[in-house]
Amino acid sequence: MIVRPTSSKEKRLWARAVACVLAIYCSTPVVRPVANYLRDRNLLRLAVAASFALAVVWIFRVLLRERLGRREVLALGCVGLIYVVVLSRLPLPEERIHYLEYGILAGLIYSALLQRRFH
C-alpha cells in the first residue's frame, strides 16, 4: 500500500528527509579524510561545535516561526539536555556528528508526520 502525502508541505518534508539520508550515506567516503585533515590542524572540535551551533540557531529559527505548546517546548528542552549529556561523554568529536545528522533526520520525519496528522 502506497501512502501519498496529504499536502505539498508534507511532500517537501519527506523529500528533505530522503535527501538527508542520501547526504549521510553519500558523504561516508569523504568524511574520514576531512576529519583527519581537521584533526591534524586542531580544528575538528571547533568544526563540530560550529555545526551544532548552526543547528541550534536553525532550531530556534524554526521554533520562533511555529507556535509550539508548553509540552512541545518542554520535550525539546529535555531532548536538548540529553544531547548535552550524551555529547559531553563521547570521546571522539566525529561521533558527535552522527547525533546531529540523525537528529536532523528525526526532526524532518517528525515534522512530516505532524503535517500528515493535522492536515
Side-chain angles (χ1 to χ4, degrees):
M1 178 170 109
I2 296 177
V3 179
R4 305 257 183 241
T6 58
S7 68
S8 61
K9 183 175 182 180
E10 181 189 355
K11 188 176 182 179
R12 281 193 311 271
L13 288 166
W14 283 117
R16 289 177 184 166
V18 169
C20 185
V21 170
L22 290 173
I24 289 169
Y25 287 108
C26 289
S27 66
T28 302
V30 297
V31 169
R32 179 60 51 200
V34 170
N36 289 338
Y37 177 84
L38 291 171
R39 182 180 290 110
D40 291 344
R41 286 149 186 80
N42 291 322
L43 295 173
L44 185 58
R45 289 187 189 278
L46 179 63
V48 171
S51 298
F52 274 95
L54 286 172
V56 167
V57 168
W58 176 65
I59 289 168
F60 277 116
R61 186 174 159 240
V62 169
L63 291 178
L64 290 174
R65 194 174 11 154
E66 302 292 324
R67 306 240 173 193
L68 300 179
R70 273 191 238 162
R71 288 182 181 171
E72 292 169 313
V73 172
L74 181 62
L76 286 172
C78 289
V79 168
L81 287 174
I82 291 169
Y83 258 75
V84 168
V85 170
V86 169
L87 294 175
S88 68
R89 302 212 183 271
L90 290 174
L92 300 174
E94 56 264 43
E95 289 177 352
R96 296 175 186 153
I97 289 294
H98 294 300
Y99 283 90
L100 180 60
E101 293 169 338
Y102 291 110
I104 291 169
L105 178 60
L108 289 168
I109 292 171
Y110 179 75
S111 297
L113 292 173
L114 275 182
Q115 183 65 27
R116 172 174 294 275
R117 180 178 176 197
F118 293 116
H119 187 266

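We count residues from 1, following the sequence as given.
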For residues 22-36, which side-chain donor-acceptor pairs fall under 3.5 Å, sequence neighbours excluded?
unit_1 : atom_1 : unit_2 : atom_2 : d
S27    : OG     : A23    : O      : 2.9
S27    : OG     : I24    : O      : 3.0
T28    : OG1    : I24    : O      : 3.2
T28    : OG1    : Y25    : O      : 3.2
R32    : NH1    : E94    : OE2    : 3.1
N36    : OD1    : R39    : NH1    : 3.2
N36    : ND2    : R32    : O      : 3.4

More than 12 heavy atoms of other groups within 6.0 Å of Y83 OH
yes

Do the side chains of L105 and V48 join up, straight or via other hydrophobic residues, at under 4.5 Å, putting them in one cluster?
no

How about R41: does its CZ atom have over 12 heavy atoms from other parts shown lying under 6.0 Å from it?
yes

Would you find a donor on one side and an acceptor on the other, under 3.5 Å apart, between the side chain of R96 and the backbone of L90?
yes

Could you measure the distance from the CD atom of E95 to the CG atom of L92? Nearest 0.5 Å is fine.
4.5 Å

Step by step, work out the side-chain contact (heavy atoms from CB on, under 4.5 Å) result for E101 and C20.
CA-CA 8 Å; E101 293 169 338; C20 185; 5.8 Å; no

OG-NZ distance between S111 and K9, expressed to the nearest 0.5 angstrom:
7.5 Å

Is there a chain of hydrophobic side chains (I, L, V, M, F, W, Y, each step under 4.5 Å between heavy atoms) that links Y102 to I82?
no

Atom pair NZ/OG1 of K11 and T6 - distance to nearest 0.5 Å
12.0 Å

Might you work through the side-chain contact (heavy atoms from CB on, under 4.5 Å) test for V18 and V21, ending with a clear yes or no?
CA-CA 5 Å; V18 169; V21 170; 5.8 Å; no

Assess the residue pair I109 and W14 against the criterion (side-chain contact (heavy atoms from CB on, under 4.5 Å)); give the C-alpha distance rounded to whole Å, side-chain angles, the decisive distance to 0.1 Å, and a yes or no.
CA-CA 7 Å; I109 292 171; W14 283 117; 4.0 Å; yes

Same cluster or not: I104 versus L113, using hydrophobic residues (I, L, V, M, F, W, Y) connected whenever any side-chain heavy atoms lie under 4.5 Å apart?
no

How close do S7 and Q115 get, heavy atom to heavy atom, and via which atoms?
OG-NE2, 3.2 Å

Less than 3.5 Å apart, which donor and acceptor atoms pair up between the side chains of residues 51-61 and the rest of the protein, not counting sequence neighbours?
unit_1 : atom_1 : unit_2 : atom_2 : d
S51    : OG     : A47    : O      : 2.9

Interatomic spacing from CD in E10 to CG in L114 - rounded to 0.5 Å
10.5 Å

